[in-house]
**Q** 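The following block contains the structure, expressed as structure tokens.
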Amino acid sequence: QVQLVESGGGLVQAGGSLRLSCAASGSIFSSHVMAWFRQAPGKEREFAAAIRWGYGTTYYADSVKGRFTVSRDKAKKMMYLQMSSLLPEDAAVYFCARGNSLDTIPISYQYWGQGTQVTVSS
């Protein structure tokens with residue numbers, strides 16, 4: 001069984017930075033993809049970033065490209081999301097997820113964390 005636990009959310013001013021962490025327990029193989037999604041109130045959950053666990057190849061939504069960086073520590077089974085130049089529209093609950101293949105739709109991911117709140121003040 002895989003468990004994912006996010007941490008690092010909080011309140012930050014627009015233009016500031018925040019680093020989210022996702023701690024994984026259970027099996028994560030090189031073939032898996034770990035991703036960050038986010039969901040703002042009244043909106044659908046949307047893809048933010050992903051990383052292939054084995055090679056470390058990264059992917060980003062256009063809305064966060066150049067501002068967010070996803071990384072992972074295989075030995076610690078940790079994934080991170082470094083967020084900078086934060087905008088008010090980045091405010092959301094951020095979820096980490098594990099899937100078998102790269103995709104930007106939530107249904108493609110089998111395991112999810114409980115989420116961590118990011119609030120951006122303008």
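All residue numbers in this chain count up from 1 along the given sequence.
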**Q** Begin from the C-alpha positions of Ser71 and Gln82 and carry the test side chain to side chain contact (heavy atoms under 4.5 Å, CB included) through to its verdict.
**A** CA-CA 8 Å; Ser71 62; Gln82 179 67 46; over 6 Å; no
**Q** Keeping Thr116 on the side-chain end and Gly9 on the backbone end, is there a donor-acceptor pair under 3.5 Å?
**A**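 Indeed, once roles are kept as given, a pair shorter than 3.5 Å links the two residues.
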**Q** Is the NZ or CZ atom of Arg45 positioned over Phe95's six-membered ring, under 6.0 angstrom from the centre and within 45° of the axis?
**A** yes
**Q** Taking atom CD of Glu89 as the centre, report whether more than 12 heavy atoms of other residues, nucleotides or ligands fall under 6.0 Å from it.
**A** yes
**Q** Check whether any side-chain N or O of Arg98 sits under 3.5 Å from a backbone N or O of Ser27 as a donor-acceptor pair, and report yes or no.
**A**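 Answer holds: yes.
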**Q** To the nearest 0.5 Å, tell me how far Arg38 CZ sits from Gln117 CD.
**A**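 The CD atom of Gln117 is 12.5 Å from CZ of Arg38, to the nearest 0.5 Å.
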**Q** Considering all heavy atoms of both residues, which atom of Ser21 and which atom of Met78 are nearest to each other, and what is their separation?
**A** CB-CE, 3.8 Å
**Q** Can you list the other members of the hydrophobic cluster that holds Trp53, where links are side-chain heavy atoms under 4.5 angstrom apart?
**A**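 Members besides Trp53, by chain and number: Val2, Leu4, Val12, Leu18, Leu20, Ile28, Met34, Trp36, Ile51, Tyr60, Val64, Phe68, Val70, Met79, Leu81, Met83, Leu86, Tyr94, Tyr111, Val118, Val120.
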**Q** Can you confirm whether Arg72 sits close enough to Tyr80 that some side-chain heavy atom of one is under 4.5 Å from a side-chain heavy atom of the other?
**A** no
**Q** Roughly how far, to the nearest 0.5 Å, is the OG atom of Ser122 from the CD atom of Gln13?
**A**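 One gets 9.5 Å once the value is rounded to the nearest 0.5 Å.
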**Q** Measuring from atom CH2 of Trp112 to atom SG of Cys22, what distance do you get when rounded to the nearest 0.5 angstrom?
**A** 11.0 Å
**Q** How long is the straight-line distance from CD1 of Ile107 back to CD1 of Ile105, given to the nearest 0.5 Å?
**A**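 Output value for this atom pair is 6.5 Å.
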**Q** Suppose clustering is done on Ile, Leu, Val, Met, Phe, Trp and Tyr with side-chain heavy atoms closer than 4.5 Å. Which residues sit in the same group as Phe29?
**A** none
**Q** For residues Ala50 and Tyr109, report the shortest heavy-atom separation together with the two atoms involved.
**A**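 Between these two residues, the closest heavy atoms are CB-OH, 4.5 Å.
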**Q** Using only atom types and a distance under 3.5 Å, with no angle test, would you say the side chain of Gln39 pairs donor to acceptor with the backbone of Phe37?
**A**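 The answer is no, because no donor-acceptor pair under 3.5 Å joins these two groups.
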**Q** Say whether, by atom type as modelled, one donor and one acceptor occur between the side chain of Glu6 and the main chain of Gly115 under 3.5 angstrom.
**A** yes
**Q** Give a yes or no on whether the backbone of Gly26 and the side-chain of Lys77 come within a donor-acceptor separation of less than 3.5 Å.
**A** yes
**Q** Enter the distance from Ser84:OG to Arg67:CZ here, rounded to the nearest 0.5 Å.
**A** 7.5 Å
**Q** Where do Gln114 and Val5 come nearest, in terms of heavy atoms and distance?
**A** OE1-CA, 3.8 Å
**Q** What's the spacing between Ser30 OG and Arg52 CZ if we round to 0.5 Å?
**A** 12.0 Å
